[in-house]
Amino acid sequence: MWECNFLCTSTGTKAGADELFVTWALSSAAQVDDSSYKTVELKLCFGVPSQIDRPWRKTNNVLSKDKTCGFNIGSPQPYNRAGNTINWLVRKEIPFAHYFVRAYVLDSAGEKVAYGQSSNAQRTSNLFRIEAISGRHASIDIAAAVFSAFSVISLLGFFFYEKTSTRGRKA
Amino acid sequence: MAAANIGVVSTGEPGSSLHGVTGRETTFAFSVDNANPDAGKSKFDLPVDSESKAKTIKLWSFAKPHMRTFHLSWISFFTCFVSSFAAAPLLPVIRDNLDLTKKDIGHAGIASVTGSIASRLLMGALCDLVGPRYGCAFLVMLCAPPVFLMSIVETPIGFLLSRFFIGFSLATFVSCQYWMSSFFNAQIVGSVNGITAGWGNLGGGATQLIMPLVYDLIRGPIGSPDFVAWRLAFFVPGLLHIILALSVLLLGQDLPDGNFKDLSSKGSQVRDSLSKVVLNAVTNYRTWMFAITYGYCFGVELTMDNIIAQYFYDRFNLKLHTAGIVASVFGLANLVTRPSGGFLSDGAARLFGMRGRLWALWLVQSLGGVCCVALGLMGSLSGAIVMMILFSMFAEASAGLTFGIIPFISHRSLGVISGITGAGGTFGAMLTQLIFFSSSNYSDEDGIKLMGIMIICCTLPVLAVYFPQWGGMLLPRSKHVTEEDYYCRDWSAAEQDEGKHEGTMKFANNTKGERGAQAKKISIRDSPA
């Protein structure tokens with residue numbers, strides 16, 4: 001019913017640096033009454049490979065309990081038959097995973113009335129990777145090394161100082 | 001008045017590092033000290049006995065050396081609990097940054113408590129060798145690098161290794177108890193050790209508040225991305241380790257009169273054989289009964305410290321710092337719950353003797369299991385919070401109740417039995433996390449329900465505990481066995497001929513109060529003056 005296309009690079013999209021290019025439109029093959037369709041929300045969703053053994057990302061058919069789609073792509077857009085596109089800078093808090101894009105259509109009351117997604121229905125094909133930031137910086141590495149060295153050296157220093165000062169006193 | 005064998009300067013008697021854990025080690029008065037006119041004249045802030053151990057405690061004081069040592073000791077133990085469980089409230093962020101699976105998280109949680117099983121057993125020997133001041137400082141300082149390492153890990157293995165090595169620091173429990181036993185008289189060392197154990201365990205709760213708070217500060221006002229903020233947050237426990245270790249080295253001392261290296265130690269102990277003491281401990285079935293049950297009160301407490309914040313975040317969709325606040329209540333309850341268990345045990349004993357202690361432990365710990373099952377069943381946030389609080393009260397009181405019974409299992413092997421019980425506690429934590437919280441076989445709420453059922457089952461061993469001189473839960477005492485008979489069974493006939501059991505005989509006489517209210521009808525001889 002829907003088509004959702006995107007552009008991806010073979011090395012994975014980099015969080016904080018790259019952009020996701022999303023296009024959506026009502027499929028020409030669809031015969032639906034779209035008079036109630038008002039807004040479209042685009043969401044970044046976890047593909048099955050990234051849900052395995054991670055119950056906090058579990059899919060649930062009850063939408064209020066569903067945790068598949070954790071991130072919004074841009075703000076909600078008004079619906080129109082011909083569709084729209086969006087260029088979205090991938091935010092830094094997006095974790096490493098295999099994703100697909102889902103578009104929910106809302107009516108004027110904000111209820112979800114239709115959707116489409118870029119993967120197949122089982123969420124296993126046509127997924128793309130996002131490479132997250134590691135969160136490490138050279139400054140953190142250096143600070144950790146310095147404090148660790150300080151802790152070991154100060155301890156040994158104390159120990160040997162007190163040992164030699166006792167020896168000196170006894171001599 | 002002098003205490004006989006608690007914390008006497010480094011003679012390495014087996015299990016001596018755990019003397020004072022229970023506070024029921026015998027106190028004997030030596031008449032020679034009464035003749036000493038200088039006894040009791042104290043250059044210290046607190047009244048002391050002839051070994052310079054304080055006879056009272058002033059919680060608000062930091063005076064040298066007793067109260068200063070008290071505070072250094074419990075704060076270092078508290079800090080180690082903070083760092084050992086610091087990852088737990090931040091798991092929702094860490095699991096995304098490191099792409100962890102539920103198995104990875106479970107294994108890291110297991111690793112965080114496993115290291116301490118061995119380190120607690122080794123810590124006693126370390127304290128005997130170099131003194132509790134260096135023992136504590138060594139451990140706290142050397143566990144600082146793993147905390148800093150946590151800031152730079154990128155893989156599940158790195159995360160697990162970091163938690164494993166940080167977990168070694170939980171052995172400060174031993175240095176804390178050893179240190180307190182050297183500074184406080186036997187009459188009050190039980191309460192002192194109960195307070196320090198409880199306030200140390202507080203760290204497991206405090207960390208659920210501290211870490212999300214620091215994380216939010218770094219994320220918000222300072223504006224770092226999430227995956228940087230949690231790494232920076234770990235510098236707080238790391239720096240605390242360094243500050244505490246330096247404080248212990250600069251401000252602490254091994255004994256009220258000075259440090260080990262400055263004093264010549266004059267121990268006049270009967271040196272006992274390590275192998276006989278250990279054999280005596282492991283062949284007493286009661287040791288193992290309580291090792292199992294302690295695993296399902298203290299062990300379950302450690303498990304909860306690891307999983308509860310994530311549970312509230314995932315099941316009730318709370319924000320990270322809100323989940324942390326709710327989770328912290330569990331550990332913070334230790335302020336009063338653990339000591340209360342001790343008071344309850346003593347109260348039950350006054351009325352019903354040892355049978356009362358056993359019944360109290362079984363009832364309270366089983367009720368804890370029921371509350372745990374209820375916690376898993378609760379679908380509403382307020383219901384879950386109420387059940388969690390009730391569960392914390394029962395589980396933590398059970399830990400206090402357990403150590404109300406341990407000292408009566410054996411006199412000769414008390415230290416080793418306390419050590420085995422403590423190790424059983426961390427073993428229970430490891431086992432519970434392995435079975436219920438490291439695979440996707442069970443959801444967390446099912447895991448909690450099943451953990452509750454396991455608590456009820458693993459509390460049943462208390463029913464099997466029978467003291468012939470006092471009875472058990474279901475059976476009354478056998479009339480022909482006295483306390484002396486029971487305790488002197490620890491010594492062979494040859495050893496009794498040598499008179500090695502005399503200390504035990506005096507101890508046995510002092511335990512006649514465990515017969516319960518009817519003990520008032522029996523005249524108890526005073527300890528020889």
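A note on names: the letters A, B, ... follow the listed sequences, proteins ahead of strands, and every chain is numbered from 1.
Only the side chain of B:Ile105 comes within contact range of chain A, with at least one heavy atom under 4.5 Å from a heavy atom of that chain. For B:Leu246, the part lying under 4.5 angstrom from a heavy atom of chain A is the side chain only. With a threshold of 4.5 angstrom between heavy atoms, B:Ile152 approaches chain A through its backbone and through its side chain. Both the backbone and the side chain of A:Ala143 have a heavy atom closer than 4.5 Å to some heavy atom of chain B. Within the 4.5 angstrom heavy-atom criterion, atoms from both the backbone and the side chain of B:Asp314 approach chain A.
Looking only at heavy-atom pairs under 4.5 Å with chain B, the residue among A:Ala97, A:Ala149, A:Ser148 that has the most is A:Ser148. Contact count versus chain A (heavy atoms, under 4.5 Å) is highest, among B:Val93, B:Val228, B:Thr101, for B:Thr101. Counting heavy-atom pairs closer than 4.5 Å to chain A, the top residue among B:Asp226, B:Asp99, B:Leu250 is B:Asp99.
Put simply, the residue from B:Leu249, B:Val140, B:Ile242 that forms a side-chain contact (heavy atoms from CB on, under 4.5 Å) with A:Leu155 is B:Leu249.
Ring-plane geometry between A:Phe147 and B:Phe148 is classed as parallel, the angle between the planes falling under 30 degrees on a 0 to 90 degree scale with a further cut at 60.
Counted within 6.0 Å of NZ on A:Lys112, heavy atoms from surrounding residues, nucleotides or ligands total more than 12; the atom is thus considered enclosed.
Among all heavy-atom pairs drawn from A:Ser154 and B:Met141, the shortest one is OG-CE, 3.2 Å. Taking both residues in full, the closest heavy atoms of B:Lys102 and A:Pro55 are given as CD-CG, 3.7 Å, listed atom of the first, atom of the second, then distance.
For residues 153-171 of chain B, a heavy-atom distance under 4.5 Å to chain A picks out B:Glu154, given by residue number. Against chain B, the residues from residues 56-66 of chain A that qualify, each with a non-hydrogen atom under 4.5 angstrom away, are A:Trp56, A:Arg57 in number order.
Atom CD1 of A:Ile52 and atom NZ of B:Lys103 lie 11.5 Å apart (nearest 0.5 Å). Distance CZ/B:Phe227 to CD1/A:Ile94: 8.0 Å, rounded to 0.5 Å. In this structure, NE2 on A:His137 lies 12.5 Å from OG on B:Ser151, to the nearest 0.5 angstrom.
Looking at B:Asn97, its side chain does come within 3.5 Å of a backbone N or O of A:Ser134 through a donor-acceptor pair.
Looking at B:Asp104 and A:Asp53, their side chains never come closer than 4.5 Å, going by heavy atoms from C-beta outward. Annotation: side chain of B:Pro145 is in contact with side chain of A:Ser151 (closest heavy-atom distance under 4.5 Å). Looking at B:Asn317 and A:Lys67, their side chains come closer than 4.5 Å, going by heavy atoms from C-beta outward.
Residue pairs meeting the disulfide (SG to SG under 2.5 Å) criterion with at least one member in residues 104-151 of chain A: none, sequence neighbours excluded. Among residue pairs with one or both ends in residues 134-146 of chain B, none qualify as salt bridge (Lys or Arg N to Asp or Glu O under 4.0 Å); sequence neighbours excluded.
The existence of a salt bridge linking B:Arg219 and A:Glu93 is excluded, since no basic side-chain nitrogen approaches an acidic carboxylate oxygen closer than 4.0 Å.
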Open item on the list: Determine whether A:Phe159 and B:Phe138 satisfy the following criterion, ring-ring contact (aromatic ring centres under 6.0 Å, His included), listing intermediate values before the conclusion.
Closed with: CA-CA 10 Å; A:Phe159 192 63; B:Phe138 261 132; 5.6 Å; yes

